[in-house]
Amino acid sequence: MTNLEVAWVLNDIAGLLEIGQDNVFKVRAYQKAARVVRRLNEDLTMLYQEGRLREVPGIGSNIEAKIKELLETGQCEYYLELRRNVPEILREMVRIPNVGVKSAKLIYKELAPDSLDDLQKLVQERKIRKLSGMGSKTELSILRGIDLLRRGSGETPLGVAKSVAEEIVKGMKEIKEINRLEIAGSVRRGKDMVGDVDIIIATDQPIKVGEILARHPQVREVLALGETKVSVRTWLGIQVDFRLVTDKQFVTAKHHFTGSKEHNVRLRHIAKEMCLKINEYGVWEDAELIAVDSEKEIYQRLGLQYIPPELREDGGEVEAAASGSLPELVTLNDIKGDLHLHTRWSDGVNTLEEMAQAAKQRGYQYMAITDHSRSLKIAGGLSIERLREQRREIDELNQRLAPFRIFAGVEADILTDGSLDYPDEMLREMDIVIASVHSRFRMEEDQMTKRIIKALSNPWVNLLAHPTGRLLGRRPGYAVNINAVLEAAKDEGKGVEINSSPDRLDLRDEHVRLAKDMGIPIVINTDAHDIVRLGEMAYGVITARRGWLEAGDVVNAWDRKKVSAWLKGGK
DNA sequence: GCCGTTTTCGGCCCGACTGTTTTCAGTCG
């Protein structure tokens with residue numbers, strides 16, 4: 001049983017206990033244990049075999065016993081017992097937004113619906129409003145909640161959420177009652193999928209600004225309208241929370257609403273130990289406000305190094321900041337090239353020269369042209385002859401553009417059996433060979449893992465592109481044992497890619513960190529098919545930062561000479 | 001259920017908005 005599966009069971013136990021209205025701290029203990037297990041860098045089975053489960057903070061004697069049982073038998077009697085005692089419909093009902101344990105239980109006790117459809121019918125028959133504490137508004141919010149639940153996870157890919165947020169902010173700069181505003185929340189932390197958009201606004205006239213926001217042309221529906229918070233849903237269906245604070249509260253509000261929640265909880269614990277209190281309105285000592293002008297100062301007050309937003313996930317960053325051992329995260333400025341690009345030679349939009357000029361203009365020292373390989377017919381994959389022809393154009397451009405350097409490469413398909421789309425004699429001619437999967441996504445995990453590992457064993461391959469094949473919000477990625485793939489990359493001395501496209505962000509943050517810990521070189525590429533999308537490098541960098549990468553861990557943050565040497569390494 | 005340079009018992013982070021109430025419970029982040 002994997003860490004993830006154990007975490008899932010622990011979290012489910014927490015949910016069941018909550019419905020049973022067990023001690024809230026017991027519920028939290030299970031939630032915390034689930035979170036810790038999910039973020040654990042080590043394999044639980046290993047820890048168990050070494051008798052070290054109890055060393056994990058949040059795992060005590062009781063939860064240790066549950067984990068042991070899960071690892072040994074694949075199930076847990078306590079969990080099964082809880083499930084037997086809680087009707088399925090109750091578990092479904094608490095998943096409805098705006099419906100919590102109390103409402104769900106009351107409705108179940110009085111009206112006993114057996115499905116969400118049934119619940120919907122009860123609302124339409126106006127039976128919910130007869131229950132104590134419930135009225136017509138409650139009925140309406142249940143209907144809307146069921147609708148939301150059915151429309152899916154409600155999460156939006158970072159690229160979409162970020163552009164929505166920036167669009168809204170741009171329009172609001174004109175409003176004269178607004179002194180300052182900034183995007184916070186998971187968009188600021190650069191999370192790949194975003195639940196809602198948080199925008200912090202400093203103003204002296206919160207009520208007036210709230211009214212203006214509620215009438216914003218992008219707003220389809222106002223969910224809440226208070227003095228410090230306005231919640232809306234936009235036409236795209238994305239929820240946006242505006243927080244209205246004074247100038248003096250702006251910094252702490254921005255920090256608070258950047259989160260994550262778990263990170264904040266950790267900080268408040270530390271604050272409390274130091275007899276301080278920290279909330280969205282400031283840092284307090286004995287009810288007295290301590291002035292802070294920057295987030296850096298908040299961390300300083302708590303005896304911590306400044307923690308960048310991308311790391312604020314309670315994934316070990318607080319401990320690292322306390323001991324002064326936070327990584328110096330890679331920045332967009334560190335990036336010196338892009339090693340996965342397409343041109344009109346295959347399915348790109350721009351010419352080779354246009355791509356090169358655009359890359360040069362971004363201040364890059366180098367780039368790699370890696371058009372598709374011959375079997376990817378739909379994308380105009382290149383035959384051996386065309387590939388050699390393209391090489392001649394690259395050589396000519398290299399003479400003209402020096403010292404800027406174009407690496408002649410190819411994105412070679414990994415075929416079903418793990419072989420590559422060209423013979424080795426062809427691959428050895430290339431400056432860089434990227435391997436990637438573009439077909440047969442529904443293979444069994446075992447087969448897919450073997451397929452990719454075999455490709456990595458080819459001596460001419462430098463790099464594995466978009467290693468899981470996921471498309472955010474659209475396609476979960478193929479079944480593959482990513483740990484085994486990373487092990488193979490490490491053994492073969494190959495690099496792995498962070499694909500910067502906001503549609504992909506693949507590898508994802510957790511796997512990036514795993515790869516770094518294994519010492520695997522990581523390349524941040526845009527996979528751009530036109531000059532505009534060269535700008536998507538920022539998304540890859542933010543993902544790299546969430547994976548704790550420093551400039552030294554990133555191949556395309558190295559200078560041209562070092563990259564050249566690395567590319568030749570296996571050849 | 002977890003945890004301990006105050007504690008093996010008694011703590012456990014903090015606050016806003018809504019709706020249905022007449023002072024607050026429920027839900028959410």
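Because the structure is predicted, anything quoted here is derived from the model rather than measured. Just the heavy atoms: all of them, side chains too, but no hydrogens, waters or symmetry mates, feed the values below. Proteins get letters first, then strands, A, B, ... in listed order; numbering begins at 1 in each.
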Taking it one step at a time, do Arg84(A) and Glu81(A) satisfy salt bridge (Lys or Arg N to Asp or Glu O under 4.0 Å)? CA-CA 5 Å; Arg84(A) 279 194 286 272; Glu81(A) 180 66 25; 2.9 Å; yes
What interatomic distance, in whole Å, is found between P of dT22(B) and the corresponding atom of dC17(B)? 22 Å
Taking only side-chain nitrogens and oxygens of Ser141(A), does any of them come within less than 4.0 Å of OP1 or OP2 of dT18(B)? no
Verdict with reasoning, Arg312(A) to Glu295(A), per salt bridge (Lys or Arg N to Asp or Glu O under 4.0 Å): CA-CA 12 Å; Arg312(A) 299 179 195 168; Glu295(A) 287 189 328; 2.8 Å; yes
Can you tell me how far C1' in dT8(B) sits from the matching atom in dC3(B), rounded to whole Å? 10 Å
Is it the case that the side chain of Ser103(A) and the backbone of Val99(A) share a donor-acceptor pair, with hydrogens and angles ignored and the cut-off at 3.5 Å? no
Below 4.0 Å: OP1/OP2 of dT20(B) and any side-chain N or O of Thr138(A): yes
Could you state the CG-P distance from Asn264(A) to dA16(B), rounded to the nearest angstrom? 15 Å
Would one find a side-chain N or O of Asn98(A) under 4.0 angstrom from OP1 or OP2 of dT27(B)? no
Between dC13(B) and dC2(B), how many Å separate the two P atoms, rounded to a whole number? 16 Å
Spacing between Gln31(A) atom CD and dC13(B) atom P, to the nearest angstrom: 12 Å
Does the Lys NZ or Arg CZ of Lys66(A) fall within the cation-pi geometry relative to Tyr79(A) - under 6.0 Å from the ring centre and within 45° of the axis? no
Can you check whether Leu471(A)'s main-chain N or O pairs, donor with acceptor, with Asp503(A)'s side chain at less than 3.5 Å? no
Between dC28(B), dG26(B), dG15(B), spot the one nearest the side chain of Lys277(A), thanks. dG15(B)
Rounded to whole angstrom, note down the C1' distance from dT20(B) over to dA25(B). 9 Å
Here's a test of your reading of the structure: between Leu276(A) and Arg243(A), which maps to the more 5' nucleotide of DNA chain B? Leu276(A)
Expressed as a whole number of Å, how far does the C1' atom of dT5(B) sit from that of dG1(B)? 24 Å
Rounded to the Å, how far apart are Phe242(A) CZ and dA16(B) C1'? 17 Å
Nearest-Å distance for atom pair NE2/P, residues His256(A) and dG29(B): 12 Å
Need one value for Val24(A): base, sugar-phosphate or nothing, where a base atom within 4.0 Å counts as base even if backbone is also close, heavy atoms only. nothing
Sort out the partner of dT8(B) for me: Watson-Crick or G-U wobble, both distances under 3.5 Å, none otherwise. none
Between dT21(B) and dG26(B), how far apart are the two C1' atoms, rounded to whole Å? 12 Å
In this structure, how many angstroms lie between the P atom of dC13(B) and the CD atom of Glu280(A), rounded? 15 Å
Hey, does Ser260(A) reach any base, or is it just sugar-phosphate, or nothing, if we go heavy atoms under 4.0 Å? nothing
Which letter, B, S or -, goes with each nucleotide of nucleotides 1-12 of chain B from 5' to 3', with contact meaning a protein heavy atom under 4.0 Å? BSS--------B
Please determine which of Thr331(A), Asp509(A), Val512(A) meets the side chain to side chain contact (heavy atoms under 4.5 Å, CB included) test together with Arg545(A). Thr331(A)
Is Ile96(A) touching bases, backbone alone, or none of the nucleic acid, heavy atoms closer than 4.0 Å? sugar-phosphate
Residue-level proximity of residues 216-233 of chain A to DNA chain B when a heavy atom falls under 4.0 Å: Ala224(A), Leu225(A), Gly226(A), Glu227(A), Thr228(A), Lys229(A)
To the nearest angstrom, the CG-P distance between Asp198(A) and dG29(B) comes to 10 Å
Nucleotide dC14(B), atom C1' - distance to CD1 of Ile278(A) in whole Å: 11 Å
Rounded to the nearest 0.5 Å, how far apart are CZ of Arg504(A) and NE2 of His466(A)? 4.0 Å
Determine the Euclidean distance between corresponding C1' atoms of dT7(B) and dC12(B); express it in Å to zero decimal places. 13 Å
Nearest heavy-atom approach of Ala165(A) to Val197(A) is CB-CG1, 3.6 Å
Does Tyr478(A) have any ring-ring contact (aromatic ring centres under 6.0 Å, His included) partners at least two apart in sequence or in another chain, and if so, which? Phe441(A)
note: Ile142(A), atom CD1; dT20(B), atom C1'; distance rounded to Å ~ 14 Å
How are the rings of His263(A) and Tyr299(A) set to each other: parallel, tilted or perpendicular (split at 30° and 60°)? tilted
Taking the six-membered ring of Tyr539(A) (Phe, Tyr or Trp), confirm whether the NZ or CZ of Lys162(A) is under 6.0 Å from its centre and within 45° of its axis. yes
